[in-house]
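Structure, as structure tokens:
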Amino acid sequence: MTEVRTRFAPSPTGYMHIGGMRTALFNWLWARHNGGKFILRIDDTDRSRHVEGALQPILEAFRWLGLDWDEGPEVGGPHGPYFQSQRQEIYRQAIERLLASGKAYRCFETPEQIQADRAEDEKAGRPYVSRRRSLDLSAEQVQQWVAEGRPHVIRLLVPRGRTVEIDDAVRGHVSWDTSMMPDPVLVRSDGSPLYNFATVVDDAAMRITHVMRAEEHLSNTPVQCLIYEALGVSPPRFAHIPIVTAPGSSRKLSKRDVAKYRNNPAFRKLFQMAEAVFPVVGLELSESLNPVMVAFYQELGFVPPGVLNALCRLGWSLDDRTEILPLETVVEKFSLERIVKSPAAFDPDKLLMFETHWMQQLPLEERVEGCLRFLAKAGWLPHSPTPRQRDYVTRIVQAMGERLRVFGDILSYGDFFVEDERLEYDEKAFRKRLQSAESIELLAAFRERLGEVEPFTAEELEALMRRFVEQQGVKMGQIVHPVRVAVTGKGVGFGLFETLEILGKDRVLRRIDRALQRARQSLS
RNA sequence: GGCCCCGUCGUCUAGUCUGGCCUAGGACACCGGACUUUCGAUCCGGUAACAGGGGUUCAAAUCCCCUCGGGGUCACCA
């Protein structure tokens with residue numbers, strides 16, 4: 001049994017697409033499941049698109065999610081280099097072989113000529129196929145033109161009148177008629193190889209056994225099969241996994257549509273989270289930081305197990321009921337047979353569900369650690385917090401419970417980190433809960449009783465309030481809400497008594513006094 | 001338009017290969033109820049799907065045919 005070798009071959013674009021991450025994950029899973037190797041190869045053949053520093057965000061996404069690669073950038077490996085731009089010599093040798101054996105030919109047709117041919121065929125209602133005029137050239141003529149430096153590309157000579165067939169691990173048997181295929185360009189006129197060619201040469205050289213990629217590549221497959229054939233190499237097993245579509249859409253999730261996604265109900269929650277977090281930590285939505293990109297989730301404080309869980313369920317399932325899947329389980333159980341054929345829509349809601357679950361699985365210290373990072377980024381706490389600050393945050397995180405889905409959520413509790421005099425009030429909540437003579441009177445009365453609470457704990461505070469409402473003959477809600485708005489400025493939050501305990505007596509009293517004053521002013 | 005792929009609740013999916021256990025299961029979302037100190041928290045419950053039409057069969061989500069719908073791709077991009 002030969003070693004399973006899979007690869008993910010991104011082009012350095014400066015960001016990692018969430019759908020691409022899912023493809024990478026599937027490749028990684030298949031390699032790990034089989035105890036094989038996962039290779040990262042950088043497809044940077046298009047020099048005109050080269051951008052400096054565009055690789056790091058991609059590697060960073062892998063590192064963040066904990067997907068390691070056995071061969072590739074930074075780690076090297078026996079089949080390097082792993083940058084296509086550094087493998088020119090390998091492609092050159094391969095193309096020489098194809099040229100020598102007559103499997104490929106130099107094509108001197110001009111782009112204009114080809115365009116005219118295409119137009120003609122389209123008009124005639126038949127599929128375009130190459131005219132192959134250059135095939136009629138004598139060897140001497142070709143040699144001379146090459147010597148003159150006449151621009152030309154190298155094309156694969158597609159054998160006509162045949163079918164190319166594959167047995168796709170996901171799609172099953174798929175076949176194409178070669179008679180309708182134009183001869184694909186293998187090498188550009190500047191001598192650089194094209195994707196289809198470089199990919200095949202590299203996959204063969206790197207002994208890739210399984211090519212798992214998005215279904216949009218299915219139509220590239222016959223061309224690649226023919227190149228394998230011409231090279232005299234048997235092709236790998238193909239597995240074309242379903243496209244990841246945008247929520248509520250059947251179209252491919254794309255960065256080009258980010259603007260549209262803003263109005264997408266399913267995406268709204270994500271944008272709202274970003275609006276709450278990014279400005280506070282000095283970030284903003286951009287080309288490379290939006291819900292289509294992996295970095296978006298990292299910057300919002302998502303935890304990797306949740307993201308991984310969500311991604312693995314996009315087009316794959318373990319059985320008829322298991323949703324919560326630790327990576328180890330997926331590695332153990334992953335199989336090609338259980339990959340779904342139909343497209344899968346990315347579901348932010350479900351992602352959040354997974355996040356909520358996996359966040360809770362983290363030990364308290366780790367949750368606190370993550371929150372501290374965000375508090376530091378926001379500038380609300382120093383990067384090296386004191387034990388006292390750490391303890392303070394620990395108590396908040398504990399009180400938040402499942403309200404903490406992602407680390408960025410800690411930033412919606414800014415009222416715990418603001419000076420008492422700076423506390424801002426949610427106007428709606430303030431009006432509803434504090435702007436009445438009854439509320440003011442009740443709150444003032446309750447404030448006076450706060451002094452007697454000793455110790456100032458949630459337990460004692462609750463006992464006090466229960467005594468208080470009984471004596472006053474009012475319902476809990478009549479005092480709970482005014483107190484909450486007075487001390488946090490908001491109408492909602494976690495347990496009120498925990499809130500009071502965490503804030504401490506002094507701050508609670510100061511905040512109530514301030515709220516009282518403000519409420520009285522607004523009434524008069 | 002050509003080629004190729006896909007089509008089970010709004011969404012992710014189980015079931016399809018090996019027809020019957022499917023009066024189609026689970027999850028997310030949604031709706032309702034409970035709790036009651038709020039809530040985007042928690043608990044409980046509910047609505048909701050085999051794209052359509054023909055066959056084959058005692059029996060079809062499952063097999064066959066047609067139709068319709070959706071998507072991908074048609075570069076000297078990857």
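Order of the sequence lines sets the chain letters (A, B, ...), proteins ahead of strands, with each chain counted from 1. Nothing here was measured: the structure is a model prediction, and the numbers come from that model.
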Opposite nucleotide pairing with [N], Watson-Crick or G-U, both atom distances under 3.5 Å:
N	result
U11(B)	A27(B)
G32(B)	C44(B)
C21(B)	none
C39(B)	none
U56(B)	none
A51(B)	U67(B)
G72(B)	C3(B)

When rounded to the nearest Å, what value does the distance between [atom1] atoms of [N] and [M] take?
N	M	atom1	value
U67(B)	C5(B)	P	16 Å
G45(B)	C4(B)	C1'	46 Å
U16(B)	C22(B)	P	13 Å
A14(B)	A27(B)	P	15 Å
G33(B)	G70(B)	C1'	39 Å
C74(B)	C63(B)	P	32 Å
G72(B)	A34(B)	P	47 Å
G10(B)	G52(B)	P	13 Å

[X] atom [atom1]: more than 12 heavy-atom contacts under 6.0 Å:
X	atom1	result
Glu148(A)	CD	yes
Gln360(A)	CD	yes
Glu427(A)	CD	yes
Gln472(A)	CD	yes
Glu96(A)	CD	yes

Reckon [X] touches a base, only the sugar-phosphate, or nothing at all at heavy-atom distances under 4.0 Å?
X	value
Phe346(A)	nothing
Phe497(A)	base
Arg251(A)	sugar-phosphate
Val483(A)	nothing
Pro111(A)	base
Lys252(A)	sugar-phosphate
Arg213(A)	nothing
Gly495(A)	base
Gly172(A)	nothing
His217(A)	base
Thr199(A)	nothing
Leu496(A)	base
Leu314(A)	sugar-phosphate
Val153(A)	base

If the cut-off is 4.0 Å, is [X] near the phosphate of [N], judged by side-chain N/O to OP1 or OP2?
X	N	result
Arg106(A)	C76(B)	no
Arg484(A)	U37(B)	no
Lys432(A)	U38(B)	no
Arg118(A)	A75(B)	yes
Arg188(A)	A75(B)	no

Subject >> Tyr413(A) ring center within less than 6.0 Å of Phe494(A) ring center >> reply: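 Ring centres of Tyr413(A) and Phe494(A) closer than 6.0 Å.
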Original post:
Does a donor on one side chain and an acceptor on the other come within less than 3.5 Å for Asp409(A) and Ser412(A)?
Top reply: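 There is no such pair between these side chains.
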**OP:** Could you tell me the separation between the CD1 atom of Ile479(A) and the CG atom of Leu442(A), rounded to the nearest 0.5 Å?
**Re:**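 It comes to 4.5 Å.
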Has the side chain of [X] got a donor or acceptor that lies under 3.5 Å from a partner of the other kind on the base of [N]?
X	N	answer
Lys350(A)	C12(B)	yes
Asn220(A)	A78(B)	yes
Ser219(A)	C74(B)	no
Arg171(A)	C4(B)	no
Glu323(A)	G26(B)	yes

Expressed in angstrom and rounded to an integer, what is the separation of [X] atom [atom1] from [N] atom [atom2]?
X	N	atom1	atom2	answer
Phe494(A)	U37(B)	CZ	P	18 Å
Asp183(A)	C74(B)	CG	C1'	15 Å
Leu351(A)	A27(B)	CG	P	19 Å
Arg268(A)	A29(B)	CZ	P	16 Å
Arg321(A)	C28(B)	CZ	C1'	16 Å
Ile479(A)	U38(B)	CD1	P	15 Å
Trp316(A)	A14(B)	CH2	P	10 Å
Asp177(A)	C5(B)	CG	P	13 Å

Original post:
Is there a donor-acceptor contact under 3.5 Å from the side chain of Glu498(A) to the main chain of Ala458(A)?
Top reply: no
Original post:
Between C39(B), A14(B), U37(B), which nucleotide gets closest to the side-chain atoms of Val480(A)?
Top reply: U37(B)
Original post:
Are Arg338(A) and Trp316(A) in a cation-pi contact, defined as NZ or CZ under 6.0 Å from the six-membered ring centre and within 45° of the axis?
Top reply: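 Ring-cation test returns no.
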